Amino acid sequence: MQLLDGKFLSETIKKEIAQQVQSIQQKGGKTPHLAAVLIGDNPASKAYVSSKVKSCAQVGFHSTLILKNTTISQNELLEIIDDLNQNDDIDGFIVQLPLPKHIDEQAVIMAIDPRKDVDGFHPMNVGRMAQGLPAFLPATPFGVLEMLKRYNVMTAGKQAVVVGRSNIVGTPLSILLSRKGWDCTVTLAHSRTQNLIEVCQTADILVAAIGIPRFIKAEMVKTGAVVIDVGINRIEDATAPKGTRLVGDVDFERVAPKCSFITPVPGGVGLMTVVSLLTNTLQAAKQRVLG
Ligand code: GUN
């Protein structure tokens, strides 16, 4: 069993990005600038956004954090988005999800200029991705693909099972894995899937993206499978210093010995998600220069 080490890979990619930023600056180019909008004080969202902002500093990007409380109206948020769309200094921006219930998430995503949509959530980018055209890929699926690529994991002709059909992870990853270049035969499983255990057992590549702690058990995993754990769940643990700890959607202890490759949690896909956002932002900055 080999670990797909998100810590090592994300540090490597951050160094590559930092070098590119330096070379842009040496040529007199503009420093890439990412903005993030965070509404409310959901602890997980706060943690994700602060790690995105911190990573910007590590690679030499500028970043702007816009914090608003949950009483913000949808129109006020749409105005912020419009300002970010118009602001020439901002290359890309994200609106951290989930949003408060009184705000229509789809209306917000639709308002983002697709050229600055570094999350790849706008239907324009989703559609382009589905057709294999150049697009901003959503950060988590992009991070998973980058891990598979950099560890030379064979995907062509393999049976991939993606468990979880979210717009952010499962659905786009199932599309991407089936596209030319990756060439998997993909099954997208979800909460209504029958015989889930048997379906998972067919997987050469099993992706867990359901948000249920340690849902994937050893009996669901074929010997020699590649297991990608997208879950980040905080659970109670009296023995941990803070009384809680992070676990994935995979029962790592029992599943790992059966795998050819597996991602740990923490230290796996989560770190790759952040660097993929940086990669998209660098791309957005370059495209704005090149037109
Ligand atoms: N919430 C959970 N994951 C993400 C993400 O990748 N981007 C945004 N904007 N919100 C999220």
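Worth saying up front: this structure is predicted, and the values here are computed from it rather than measured. Both counts, for ligands and for their atoms, begin at 1 and track the order of listing.
- Counting only residues at least two apart or in different chains, ring-ring contact (aromatic ring centres under 6.0 Å, His included) contacts with residues 58-77 comprise H33-H62.
- Each of K52, V95, Q96, L97, D119, F121 has a non-hydrogen atom positioned under 4.0 Å from some atom of ligand 1.
- Ionic pairing of K46 and D41 is not present here: no N-O contact between side-chain nitrogen and carboxylate oxygen is shorter than 4.0 angstrom.
- V247 belongs to a hydrophobic cluster with I235, counting contacts under 4.5 Å between side-chain heavy atoms of Ile, Leu, Val, Met, Phe, Trp and Tyr, direct or through other members.
- Proximity of V230 to I210: side-chain heavy atoms (C-beta onward) are nowhere separated by under 4.5 Å.
- Applying the ring-ring contact (aromatic ring centres under 6.0 Å, His included) definition to pairs two or more places apart or across chains, none involves residues 72-121.
- Between E11 and K15 there is no salt bridge, since none of the side-chain N atoms of the basic residue sits less than 4.0 Å from a carboxylate O of the acidic one.
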